[in-house]
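These notes are about the structure you will find just below.
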Amino acid sequence: MNQRIYIVDTGIANLASVQAAVNRLGMTPRLTRDADVVDRCSRLILPGVGSFDAGMRSLRDCDLEVALRSRIERNLPTLAICLGMQMLCRESEESPKARGLGVIDGAITLFQSPRVPQLGWNFISSEPTGFFDPGYAYFANSYRLTAAPAGWETACTDYAGPFIAALRRGNIVACQFHPEISGDFGMSFLRKWSALTLQEGQPC
Amino acid sequence: MLTKRIIPCLDIKNNRVVKGVRFSNLRDCGNPVERAMLYQQQGADEIVILDVAATIEDRRARHETVAEIRAALSIPLTVGGGVASMADARELLTAGADKVSLNTAAVLTPDLINDVAQQFGRQCTVVAIDAVRSEAGWNLATHSGRKRTDINAVAWAQRVVERGAGEILLTSWDRDGSNSGYDLDLIEAIARAVSVPVIASGGAATPNDMVRAFEAGADAVLAASMFHDDVYTVQKVKSELQANGCEVRI
């Protein structure tokens, strides 16, 4: 099996690390900014580092907002990483004027910690029978989601208070941490996401 | 709870890992890719690569080294040494770095810190500070320690954070390669002055040195000689840290 995984090329992410991780999964990473591909491809990763505003702007510049909402609506396997997860939310304190994709009903806020950004490995806890495994994952973020949105399975961790480490609804998975640089834990997380079955839509 | 990070540092020259004392008298410590992978297997939390030569030919080789390490490494990779422009930063990130570390160029062109932070985010922007003890505290050294400035290291740390640095890689020039422990006063002064994570570097010889660096306020510790010389594995260091009450990822 050498299945393709498309990675949204926002131009601001640590794309090389995401590509390397997909390669290690034994799959072929392809970068894309094409709305059609984003809308229809069988597996998509929405990575992202940098500011909320810049991230949303780059999605808008490539006309990807509608395509992203549409594929998520259709439950096509999608993984949103770090800023990618935040962009799925409604809004962020980081850029009050910018609107998020609104797929997750939540607002992103700044850590109330004397040390920001949070940089390093934090322990994730989850429901015993759920999709997420407990373990250490690597975080690099200043903002986070604190309230669990209705309809999503959650995994949590703590940095100056509890916050959401990851979310899942069907084939849609969003994580605040960086699985691509979270060692064996990250690889097994990616493998689990990539094994989610396609329920509809055509591979491209 | 966020764990304390143990970060092996690979100083690289001519595609080999090297290590010296106070940035001089470099000795060969092996192949960078092999070393990075060994440390990952041992449980390293990140890898830092610093290109100590950074001539034009070396830089090209460095990109290849970074790409080669990235392909195999599944933990964070920070790359620094001679990063002088946005183009340099972008090239390293494209090659596979997760963070870039600015040093001399940040002193010569402080706006570079703002530019990198705005484009790639604070979490991607590390500023390396080489501090030399002086009568009035610590001053900055630049150009791999060859040039001294009269800039106060603590004041500089605050300025780089205002400009967008998301992390400070703090090296004590006096302790570098000396095996005499971290400069705890320096760590305490900087960690107290800034709101971003501080990586302590320079002088580590034992896990106990690391315990003391964390007590002084460090969020992460960097070490080179003690790992390169196979005195300690990362694993061994972490179990000793854990026994001393430090929260580490095991």
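Looking at B:Ile199, there are no atoms closer than 4.5 Å to chain A (heavy atoms on both sides), in backbone or side chain. Proximity to chain A is absent for every atom of B:Ala67, based on heavy atoms less than 4.5 angstrom apart. Interface residue B:Arg5: only side-chain heavy atoms are found under 4.5 Å from chain A. Using a 4.5 Å cut-off between heavy atoms, B:Val248 touches chain A through its backbone atoms (N, CA, C, O) alone. With a 4.5 Å cut-off on non-hydrogen atoms, B:Leu77 does not touch chain A at all. With a 4.5 Å cut-off on non-hydrogen atoms, B:Lys4 does not touch chain A at all. With a 4.5 angstrom heavy-atom cutoff, B:Gln118 does not touch chain A via any of its atoms. The parts of B:Ala191 that come within reach of chain A are both its backbone and its side chain, each placing non-hydrogen atoms under 4.5 angstrom from that chain.
Remark: the B:Arg70 side chain and the A:Ser17 side chain contain an N/O donor-acceptor pair separated by less than 3.5 Å.
Heavy atoms only, all atoms of each residue included: B:Leu73 and A:Arg24 are closest at O-NH1, 3.3 Å.
Within a 6.0 Å sphere centred on CG of A:Asp184, other residues, nucleotides and ligands contribute 12 heavy atoms or fewer.
Note that OG1 of B:Thr94 is 11.0 Å distant from CG of A:Asn14, once rounded to the nearest 0.5 Å.
Between chain A and the residues B:Ser195, B:Gly96, B:Ala220, the most heavy-atom pairs under 4.5 angstrom are made by B:Ser195. When each of A:Asp158, A:Thr157, A:Leu119 is checked for heavy-atom pairs under 4.5 Å with chain B, A:Leu119 comes out on top.
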